[in-house]
Each structure stands twice: as structure tokens, then as C-alpha cells.
*Asks:* 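I have a structure here, written as C-alpha cells, and I will follow up with some questions on it.
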Amino acid sequence: MSRFAPSPTGFVHIGSLMAALVESKVAHQTGGVFFLRIEDTDKKREQDGSIEAIVQNLINFGLTPDEGIVAIHPEREVGAYAPYTQSERKTIYETFAKFLVAQGLAYPCFATESELTEIRKRQEARKVKPGYYGEYAIWRDKTIDEVKAQLAQGKAPAIRIRAPYPNPKVVRFHDHIKGDLEMPGNDQDMVLLKSDNALPTYHFAHPVDDTLMRVNIVIRGEEWLPSVPLHIMIFEYLGLPLPGFAHIAPIAKMDGSSKRKLSKRKDPEAAVSYYHEAGYPRQAVIEYLLNLANSDFEDWRKAHPGVPHTEFKLKLDHMSKSSPLFDLTKLNDISKEVIATYSAEQVYEHGLAWAEQFAPEFAAILKHDPAYSIAIFNIERGGDAPRKDLVKWEDMEASYGFLFDQPFAAGIRQHGYTWGKIAPSDVQMILTAIAQSDYQISKDEWLNAMRAHAEGMGFARDNKTYKKAPDQYKGHFGDFMMVVRVALTGKTNTPDLYEILHTIGSERVQARFAQALTALT
RNA sequence: GGCCCCAUCGUCUAGAGGCCCAGGACAAGACCCUUUCAAGGUUUAGACGCGGGUUCGAAUCCCGCUGGGGUCACCA
């Protein structure tokens, strides 16, 4: 049983997606349940619509939770341990807090914000460690009457834990990623329940909820590592069994000469939505993340082509202890490989889904004649050497748009034809000769026919021949074919010409040759 | 600054005392193939942060240093 427990701040970080991925995998490969719990105890930071965004992102990346908040609507909540939204669990936390107060393990604190900053200043002046502890914990040993007096004035207390001071015992625990760890025990009287709304802090909600919801492994970001002693203390005060822990190193990037955690403010690629918008197939993002999590994933992928990544067994103890640098180039490579495994139908389906959301005009073109679109995506696809030129759906129009009439026409209007070093008169000669030629023959026959044309017009039959005596030729066969390519596509780099010819059909072929010819005169 | 974590090619990493003058992938270079491009094939360059131990033997174990990161809230 594992959980993904984000707070609804309107932003899903790529590191969170990594955590959710690891959580879901670990739960599923041990026959457990992966659920989503919303940690909305800080009402100030909450953003409208962010719960929907979280669920949607999880669904987009194929990490739909089994329980908890599982869908946007209509039936949002599933599972036996509801509610899965912390603000709806208030009485539960209060009950646990009362239990602690009754035992003298927690106490009400009426310290104001200004008193707290005052304490901090004093600690700074004395050069002692900051915080609410020992002699600085001004409400630690107040009498019941003093508490009642505040209450009578209508003041609401925060509930703080009574930490052992000055000699907390050393905490030893095992982390499934980091290994055996030893840290000084907590001696700070941390807040359990907040004064303004009596909602719990993360530190308190985590032991309570994860126990009640039967979480047996807590997988979360490494930023929580320093507060593990506090958490363990709360579990012990409450008399609850400890879950397992696994702390994931954050994903970082280079900023000048220093490394830092991917930042929500500075780095667009920190947002999970970035990948969705750019049109990276979800499988590519997930496989990239899997590769960061367990680097032997790529060996597994090579050995098991076509097998869904859900079959891959993730090993927590193989995860890196240090922060990896995010590498967009590597993601692109993986994405290219992923798309290369897709059938033409799949490319059409995924590409269209992306375009409908982010490029509606191109979507309309794709949908106009689905069979034609699929035929286009079928060029150089399948077989042992599938074409690997598409990284993400965002690039689809640039790479394949010219095979559709409207984008082709628009491209010519914008850039015209780029004949390069071939003289216009030669271009005309080539096109005139080629325009009527038959291509309803095998590829080899067609290429031979083209080569014959090329040689007849003074082009070298191949690059090698040309290089031996460049002065004797107008160019080599490649130069000749480039003229055909540009006339047909308006571009200098395209997939295989023979396949293009057959895919776009003789009507378009004729029209395009004719258009190029008129453009010359 | 205190506490904690971490440290192998540019990047992600393999490596659990001899299998390692350190292996793979991405990126870079070269060559081959080739109707352009993208691929594909072959190939080159590229790392154990430093200093001490332990040991017949250390990338691997221990100590110190250095460097990087995280965290020190009534945010999560």
C-alpha cells in the first residue's frame, strides 16, 4: 500500500510525477494499492482547480490511482479509508491530538507570531540554535489556569508536541533507498495542530493518515529526510507501528556552475504539464523517469521490446542516492524510440489527440481524410528500420505537414522553392522530363529510371563518380534527386521519395510538378 | 552556521576487495551505407575528487579533507 499525497497548489512537479510513478510501481508489483490523498491543510496556498489538475496529470501519464481521489467526476472518491482529503478529516486529527494532550505528550501553545520572532532574535543574538524548544518553549509548562485564561479571551491555541529536551535519543532507521541512517532525535516542540484552523501540519497528518490508511511504505522526496526523527517520535508517542521509508533524491539541473533542484518558478520543464503540451508521448516521459529511477531499465527495454513498462520490476535499492541532472536530450532520444515503435494508426491517434487540444487547425487537416493521414504516417514505418524523426507531437506538422495540401501550399507561399546550386534552366529540364514519367514500377526500377535521366542530363551516376571529376558533371545523382524532392515537397529533407510518390497519389504528383514548373517561369 | 545526505566519462549510470589499464546508454568526432534527411553499422575520444590507512590486492572497506545537495515554519 503506497500513496501519492500532493498539496493542491496548482502545479505538478516532474519530481512529484517521479514519486507517483515509483509509488504506483512499488504498490502494484507487491500486489498492493496505490491511492491519492489530497493534503490541503494550508488553505492560503491552495489554488482552485488544482485537484482536478493533479488527477488529470496522473491519468494523462497512465498513473490513475486505484483508490482515493480517482477521477475528476462524477465518482471522485473510492476506497475504504475515506475521506481522502485532509481538510475533511479534521475531527480525526483532533482526536489523536487530544489523546496526546491527555498523556502530557502535547500541549496547547498561545505564543503569537511576534513572540516567536522575538524568541528567534534572542537565539540569534546568543548564537544558539533557533526554534521552539526547552527554555524557549514558553508554553511548555504553563498551568491549566493560564491556559483557561487564554481560552476565556477567545484565543485559539496551536497544539505542540512535547519533545524530550535536552537529551533526545538518537534515531536509527532503515531507508529503502538511502540505507541505514542514524540521526539525532528531535528536540523541537513542533506544531501538530495549527491555531487558526485547527488543521494538522504535514508532520502530524502523515503519521495519522498513513497509519489509518494502511500505508506500509512511505515514498517521498528527500526534503523530508531531516524531519524523519520528528515523524518517528510522533508514531511512537501515538503507539503506532512504523511504516517503511524511501526518500527519493530530487531531480536537478545546472544553473551556471551550480546544481539545484528543478524550480517551479524558473524552469518550465519542472512542470509536468510542459511535457503534455509539447506532445511527448506519456510512455516516453514515464520511460525516461524509469530510466532515471533504475538505470538498468534501458537494458530491460532492449531485451523486451514492445512489452509494457508496467512489467518492469523497479528496485528501490537500485535508485540513486544522489540527485540526477535532468537531460532533455536523453528524453528526446527515448521519445524518438518510443514513437518509432508505434504503428501508423497509433501515430495518427496520439498525434490527433494532441493536435485537437493544442493545434486545432492541423487537427482538422488530419481528420479531413483519416485514411490518407494514416497512409502518410505509414511512410517508412514498420519493418526493421522504422523512421526515427519524430520526437514529440509538437513537431509533427513541421515534419509531415507538407504532405497535406494546405500546409504544402502555405509553405511554398512562404518560402518558395529552394533549388540550391542547380541552374533554373536545368531544374526546368529535369522537371519536364520527370513530370510524366511512370512510377508504378518497383523501387529499384524507378531509381534506375531516374538515374538514367540524371546521366542523360549530365549528372554523375553517384557521388563517388562525381567526386573523381566534379568539373565534368552538373552534379551527382543526389543533386538531381534533390530537384525532384523540392518540387514535390517544398523541402530539402523528407522521408523516402518513392514512398511519398505512391502515398500522395498521381493527382497530387502531377499538380505539384506543374506548380513547380509554373513557378519557374 | 548546526544537522543530515551524497561523490565513477560532458550527462544518466554499471560496479557489493581480485572478473576493471573500469562496462553500457545519451551527447560529441570519424568512417561505411545512402536519392536528401532521419536511421543503421563500424569506430575514436572521455571518469573512479584529494590525502592517508586496512589488505598480497581497493572504484569498492575505514579515517580525514574538499566539493555538491537537502533542511533548519503554525508550507507541504
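First the proteins, then the strands, lettered A, B, ... as listed; each starts at 1. Quantities reported herein were computed from a predicted structural model and do not represent experimental measurements.
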*Asks:* Pick base, sugar-phosphate or nothing for Thr494(A), based on heavy-atom distances below 4.0 Å to the nucleic acid.
*Replies:*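 Thr494(A): base contact, heavy atoms under 4.0 Å.
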*Asks:* Expressed as a whole number of angstroms, how long is the span from Leu488(A):CG to rU35(B):P?
*Replies:*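 Spelled out: CG on Leu488(A) to P on rU35(B) is 17 Å.
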*Asks:* Pick from Tyr202(A), Phe204(A), Phe245(A), Tyr237(A): which one makes a ring-ring contact (aromatic ring centres under 6.0 Å, His included) with His231(A)?
*Replies:*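 When ring-ring contact (aromatic ring centres under 6.0 Å, His included) is applied between His231(A) and each of Tyr202(A), Phe204(A), Phe245(A), Tyr237(A), only Tyr202(A) qualifies.
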*Asks:* When you compare rG64(B) with rG24(B), how far apart are their P atoms, in angstrom units rounded to a whole number?
*Replies:*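 Straight-line distance between the two P atoms is 36 Å.
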*Asks:* For Asp462(A), report the nucleic acid contact type (base, sugar-phosphate, nothing); a contact means any heavy atom under 4.0 Å.
*Replies:* nothing
*Asks:* OP1 or OP2 of rG68(B) sitting under 4.0 Å from any side-chain N/O of Ser322(A)?
*Replies:* no
*Asks:* With rounding to the closest Å, how many angstrom separate the C1' atoms on rC26(B) and rU66(B)?
*Replies:*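 It comes out at 30 Å once rounded to the nearest Å.
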*Asks:* Which part of the nucleic acid, if any, lies within reach of Phe477(A) when heavy atoms closer than 4.0 Å are counted: base, sugar-phosphate only, or nothing?
*Replies:*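 Here Phe477(A) touches the backbone only, sparing every base.
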*Asks:* Any chance you could measure Asn463(A), atom CG, to His476(A), atom NE2, to the nearest 0.5 Å?
*Replies:* 4.0 Å
*Asks:* Verify, without hydrogens or angle tests, whether Ser195(A) (side chain) and Pro157(A) (backbone) share a donor-acceptor contact under 3.5 angstrom.
*Replies:*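 Side chain of Ser195(A) to backbone of Pro157(A): no pair is present.
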*Asks:* Can a donor-acceptor pair under 3.5 Å be found between the side-chain atoms of Arg485(A) and the base atoms of rC37(B)?
*Replies:* no
*Asks:* For rC72(B), what is the paired nucleotide under Watson-Crick or G-U wobble rules, both distances under 3.5 Å?
*Replies:* rG1(B)
*Asks:* Mind checking if Thr41(A) touches a base, just sugar-phosphate, or nothing, with heavy atoms under 4.0 Å?
*Replies:* sugar-phosphate
*Asks:* Please compare Glu113(A) and Lys261(A) by the position of their nearest nucleotide in RNA chain B and report the one closer to 5'.
*Replies:*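 The 5'-side residue here is Lys261(A).
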*Asks:* Considering only atom C1', compute the distance from rU54(B) to rU13(B) and round it to an integer number of Å.
*Replies:*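 Going atom to atom, C1' in each nucleotide, I get 29 Å.
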*Asks:* Please state the P separation for the pair rA7(B) and rC61(B) - nearest whole angstrom.
*Replies:*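 The answer is 10 Å between these two P atoms.
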*Asks:* Check whether Thr85(A) reaches the backbone of Ser87(A) with its side chain - one donor and one acceptor, N or O, closer than 3.5 Å.
*Replies:* no
*Asks:* Looking across every strand, which nucleic acid part, if any, lies under 4.0 Å from Ile334(A) by heavy atom: base, sugar-phosphate, or nothing?
*Replies:*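 The residue Ile334(A) makes no contact with any strand.
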*Asks:* Which of parallel (below 30°), tilted (30 to 60°) and perpendicular (above 60°) describes Trp446(A) and Tyr498(A)?
*Replies:*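 Geometry flag for Tyr498(A) against Trp446(A): tilted rings.
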*Asks:* Categorize Arg301(A) for me: base, sugar-phosphate, or nothing, with a 4.0 angstrom heavy-atom threshold over every strand shown.
*Replies:* nothing
*Asks:* When you measure from the side-chain N and O atoms of Lys194(A) to the phosphate of rA76(B), is any distance below 4.0 Å, counting only OP1 and OP2?
*Replies:* yes
*Asks:* Under 4.0 Å, counting only non-hydrogen atoms across every strand here, what does Lys336(A) touch: a base, just sugar-phosphate, or nothing?
*Replies:* sugar-phosphate
*Asks:* Answer with base, sugar-phosphate or nothing: what part of the nucleic acid does Ala158(A) contact at a heavy-atom distance below 4.0 Å?
*Replies:*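 Touches a base.
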*Asks:* Under 4.0 Å, heavy atoms only, any strand: does Leu325(A) hit a base, just the sugar-phosphate, or nothing?
*Replies:* sugar-phosphate
*Asks:* Under 4.0 Å, counting only non-hydrogen atoms across every strand here, what does Pro495(A) touch: a base, just sugar-phosphate, or nothing?
*Replies:*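 Base, at least one base heavy atom under 4.0 Å.
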*Asks:* Just how far, in rounded Å, is P of rC5(B) from CG of Leu225(A)?
*Replies:* 8 Å
*Asks:* With sugar-phosphate meaning primed atoms plus P, OP1 and OP2, does Glu39(A) contact a base, only sugar-phosphate, or nothing at under 4.0 Å between heavy atoms?
*Replies:*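 The answer is sugar-phosphate, as Glu39(A) gets under 4.0 Å only of primed atoms, P, OP1 or OP2.
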*Asks:* Using the P atom in both, what is the distance from rC65(B) to rG29(B), to the nearest Å?
*Replies:*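 The same atom, P, in both gives a distance of 43 Å.
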*Asks:* Say we look at rU11(B) and rU71(B): how far apart would their P atoms be, to the nearest angstrom?
*Replies:* 23 Å
*Asks:* Say whether Tyr466(A) and Asp479(A), considering side chains only, have a donor N or O and an acceptor N or O under 3.5 Å apart.
*Replies:* no
*Asks:* Arg260(A) side chain N/O closer than 4.0 Å to the phosphate oxygens (OP1, OP2) of rG69(B)?
*Replies:*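 False: Arg260(A) side-chain N/O out of range (4.0 Å or more) of rG69(B) OP1/OP2.
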*Asks:* Under 3.5 Å, is there any donor-acceptor pair linking the side chain of Ser195(A) to the base of rC74(B)?
*Replies:*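 Flag set: donor-acceptor pair detected.
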*Asks:* Under 6.0 Å between the ring centres of Trp139(A) and Phe110(A)?
*Replies:* yes
*Asks:* Looking across every strand, which nucleic acid part, if any, lies under 4.0 Å from Asp389(A) by heavy atom: base, sugar-phosphate, or nothing?
*Replies:* sugar-phosphate
*Asks:* Would you mind classifying the nucleic acid contact of Lys321(A) as base, sugar-phosphate or nothing, using non-hydrogen atoms under 4.0 angstrom?
*Replies:* sugar-phosphate
